Amino acid sequence: MSTLFDRPGAYAPSTADHPDLLADLNDAQRDAVTHTGGPLLVVAGAGSGKTRVLTRRIAYLLAERGVHQGQIMAITFTNKAAAEMRDRVGELVGVRSNTMWVSTFHSMCVRLLRREARTAGLGSNFSIYDADDSKRLLTLVARDLDLNTKRYTPRTLAGQISNLKNELVDHEDAASKASNELERKVAEVYAEYQRRLQLANALDFDDLIMRTVHLLQAFPEVTEYYRRRFRHVLVDEYQDTNHAQYTLVRELVGTGTSPSGVEPAELCVVGDADQSIYAFRGATIRNIEEFERDFPQARTIMLEQNYRSTQTILSAANAVISRNPNRRDKRLWSDLGAGDSIVGYVADSEHDEAAFVAGEIDALADSGEADYSDVAVFYRTNNQSRVFEEIFIRLGLPYRVVGGVRFYERREVRDALAYLRVLANPEDTVSLRRILNVPKRGIGERAEAAVAHHAERERLSFSAALRAAADGRIADLNPRAQRNIAAFVALLDELGERVERGDDVADVLEAVLERTGYRDGLAESDDPQDATRLDNLTELVTVAREFTESAAPAEDAGAGDELDEEPALPAGSLAAFLERVSLVADADSLPAPDGGDAEDTGQAADSGMVTLMTVHTAKGLEYPVVFGTGMEDGIFPHMRALGEEAELAEERRLAYVAVTRAQRRLYLSRALTRTAWGQPMSNPASRFLTEIPSELVEWRRSAPSADSFGGSGAPRAATTWAGSGQGSGKAGPVRGTASTGWKDAVPMKLDVGDRVSHDKYGLGTVVATEGTGPRATATIDFGASGQLKLMLIGSVPMTKL
DNA sequence: ATGTGACGAATTTTT
DNA sequence: TTCGTCACAT
């Protein structure tokens, strides 16, 4: 790999200029790279060279400003982004990038918490609970507290508690602030949940951030140490930070001169409020919108030149996003020219839509206009991928689906990992209870409850109680269960010895799969799914094997980096492996540039496959050809967002993300009818579709025009039904101006039993109604044409009789 | 203790 | 439709 170090004559440390670092940047980018002093906010529109700015800035700090790599902390949200940043900085400055702290918020916090475990009141071998573990624990807690688990589902509880932690509210504050029944219950659960986490020596994802913030706030001397150490903090995707992460950054950077004279570090954050699509997880664009207020003397630099897309695509994106209220105005522009029109398509059904997409991809490939790998198909929700897969398989069109159920979320993988986690941390009760009877070994609910009660009564950990049970020290346990428990404990001990004597992780894992009978159980099954499960376990063993191999030689002896002199966890250890897999949840994620793909069904190289994914997973990626599908109100924007201003704004940002992924060609399609949960459903055109200026779109197939329906629809129907997708460029600009389009119209009032006449499906009877306002739907029986569920939003070409 | 059938709910998800 | 949870039977 060529770096500035390697290139003869290109680099002379700390003396020469480095025109290379700035030469190919535009003015704004250059400003962002060279800015010195106060906090810097880089507002980076889609495709405006955000990563380039960040990496150049780091390189510039090292090369031109005499900053030591150990003084830099760069924070991202994903491991992928962290790896990419490290690589790209490496290309610019060489091996110095290896010892920089470039990491995700979460791994940075883990690193810090392990170092300061004692101060933070943690065992340094703490486990990390992910969402699934949290929910399991919450299920236990809710049961023990006798909650109505219908009303307080683990999902709800997890969401509420997560929100509280993201806002840095601890369980005591939550209790005192609670103002209604739900909040009081949540606070109660929260308290018990935290108690159990502590008992299990475990932290959940949100704790990683919150506990770090609390640590820094409670121990100024600790904070001071890190502030002295990190003089430059850079944050990527700043629009995705939640309050806790925001506070963490502020604690790290510092706001004023500390008592012992440490000045605040230089802060550089990069983000785009228009691409904030994770508010539902606590991200708040407040952090970016009020950056200037939060950090006085802050400077803002806007990157508005887009290097990715044609002007047509950008104009469409601008048209959509500009309807969001309270938005900092920003207009992306491109000098790549207008390019091709956006292609619109109105399909009869989702199958029809998929067939169109497949046919179009085929045509592009045949004409040589695009490789399969140039093409991405986006949808709002994962279940929409199915129909595409079906058609692609039928046509032999190579594709890959990104996302969905991830490798580390598969049941068998989690089971196997739970064994390892118990071996590493016997107090990890959630994992222990998970594997207690997996595979089935005759330790049922009753026995488990008996052990749990005993633990509670005697104030023992579950693990200790289990040992008591094995020794016959629990009275109300039948002998059979006792024997089974004893055997299980013996099994764990035997496996534990392997860990003790330092066997490789992969060997321990192999032993787990063998000795527990897990592998045999799957091998003997005739369920075809179990064959896949077996493959996944084999893959996990491979991952473990590779982990050991990469850990051994990569011992870079600290390289004078004081923070690395004592690794918190021994390299290659079981604990280190578990930490890795907890924090890297994307073994089978995106097209790895190097093609080093962990697991996939397909054999073909990435280069030859169409990519299918949700719009969320598409963030940060780009493709020459993009298909945005399911552009219907109720699908995208999602039904749940209709009528909710904040959620609608987020959907709009999501649409903006979708559109701005496209480089050359953008297709937008919708279906008049699609099957939702077994029932056919009819959705109107997505409002996002109608907001795109019609001159940018060439409709390959449009909605049936009002004329062809003949009849007079509901008032307003004739004009509005045609709203988008009015064919062949005939339609004038879309009406429905500003935010008050026809979508805000009152839905038709229908009750069960009402008779209606639909312009397309004829006479029908209302058999059910659901939802109200913008979410109102009616299921109508059209006799021979069957039943159809219609969204009543805006207008439907239908009259009530 | 475990297997079966009814029932109900059902976005998005960087860690 | 599909998946996971719950009640009940074996």
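A quick note: this is a predicted structure, and the numbers were derived from the prediction, not measured. Letters go in sequence order (proteins before strands), and every chain restarts at 1.
- Glycosidic conformation of B:dT11 is syn; the angle stays within 90° of 0.
- Atom CD of A:Glu770 has 12 or fewer heavy atoms from other residues, nucleotides or ligands within 6.0 Å.
- Between the CG atom of A:Leu248 and the C1' atom of B:dT15 there is a distance of 14 Å, rounded to whole Å.
- Rounded to a whole Å, the CG atom of A:Asn166 is 18 Å from the P atom of B:dT13.
- Remark: ring of A:Phe280 overlaps the six-membered base ring of B:dT12 in a stacked fashion, centroids less than 5.5 Å apart, planes less than 30° apart.
- Residue contacts shown for A:Glu651 include a base, since a base heavy atom lies under 4.0 Å away.
- Under a cutoff of 6.0 Å and an axis angle of 45°, A:Arg211 and A:Phe126 do not form a cation-pi pair.
- Salt bridge status for A:Asp132 with A:Lys135: absent, with no side-chain N to carboxylate O gap under 4.0 Å.
- When each of A:Leu466, A:Asn425, A:Val451 is checked for a side chain to side chain contact (heavy atoms under 4.5 Å, CB included) with A:Leu432, only A:Leu466 meets the rule.
- Between A:Thr614 and B:dT13 there is a side-chain polar atom (N or O) within less than 4.0 angstrom of OP1 or OP2.
- Summarising the geometry, the separation between CD1 on A:Ile635 and C1' on B:dT11 is reported as 10 Å, rounded to the nearest angstrom.
- Distance, A:Gln679 CD to B:dA9 P: 17 Å, rounded to whole Å.
- A:Glu647 comes within 4.0 angstrom of a nucleotide base, judged by non-hydrogen atoms across all strands.
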Protein and nucleotides 2-7 of chain B: nitrogen or oxygen contacts under 3.5 angstrom:
residue, atom, partner, partner atom, Å
B:dT2, OP1, A:Gly442, N, 3.0
B:dT2, OP2, A:Asn437, ND2, 2.9

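- We find that A:Arg414 and A:Asp133 are joined by a salt bridge, their nearest charged nitrogen and carboxylate oxygen being less than 4.0 Å apart.
- Residue A:Asn79 places its side chain closer to B:dT15 than to any other of B:dT15, B:dA1, B:dT12.
- Counting distance only, with no hydrogens placed and no angle test, the side-chain atoms of A:Arg640 and the base atoms of B:dT12 include no donor-acceptor pair under 3.5 Å.
- Side-chain nitrogen and oxygen atoms of A:Asn382 include at least one within less than 4.0 Å of the OP1 or OP2 phosphate oxygen of B:dT13.
- Counting to the nearest Å, the P atom of B:dT13 and the CG atom of A:Asp240 are 13 Å from each other.
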So which protein nitrogen or oxygen atoms get under 3.5 Å of nucleotides 2-7 of chain C's nitrogens or oxygens?
residue, atom, partner, partner atom, Å
C:dT2, OP1, A:Arg386, NH1, 3.4

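- Taking atom CG on A:Asp206 and atom C1' on B:dT13, their separation rounds to 12 Å, with Å as the unit.
- Salt-bridge formation is not detected for the pair A:Glu632/A:Arg380: no Lys NZ or Arg NE/NH1/NH2 atom is positioned less than 4.0 Å from an Asp or Glu carboxylate oxygen.
- Nearest-nucleotide mapping onto DNA chain B: of A:Tyr278 and A:Trp677, the residue sitting toward the 5' end is A:Trp677.
- Applying the side chain to side chain donor-acceptor pair (under 3.5 Å) rule to pairs touching residues 437-450 of chain A yields A:Tyr419-A:Arg441, A:Arg433-A:Glu448, sequence neighbours excluded.
- No more than 12 heavy atoms of other residues, nucleotides or ligands lie within 6.0 Å of CD in A:Glu645, so this atom counts as exposed by the packing criterion.
- With the nearest nucleotide of DNA chain B identified for both A:Glu448 and A:Gly404, A:Glu448 has the one nearer the 5' end.
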Practice item. Could you walk me through whether A:Tyr408 and A:Val543 pass side chain to side chain contact (heavy atoms under 4.5 Å, CB included), step by step? Key: CA-CA 11 Å; A:Tyr408 288 111; A:Val543 170; 3.5 Å; yes
Review point. Run the side chain to side chain contact (heavy atoms under 4.5 Å, CB included) check on A:Glu84 and A:Leu54 step by step: do they pass?
Key: CA-CA 11 Å; A:Glu84 188 189 352; A:Leu54 269 174; over 6 Å; no
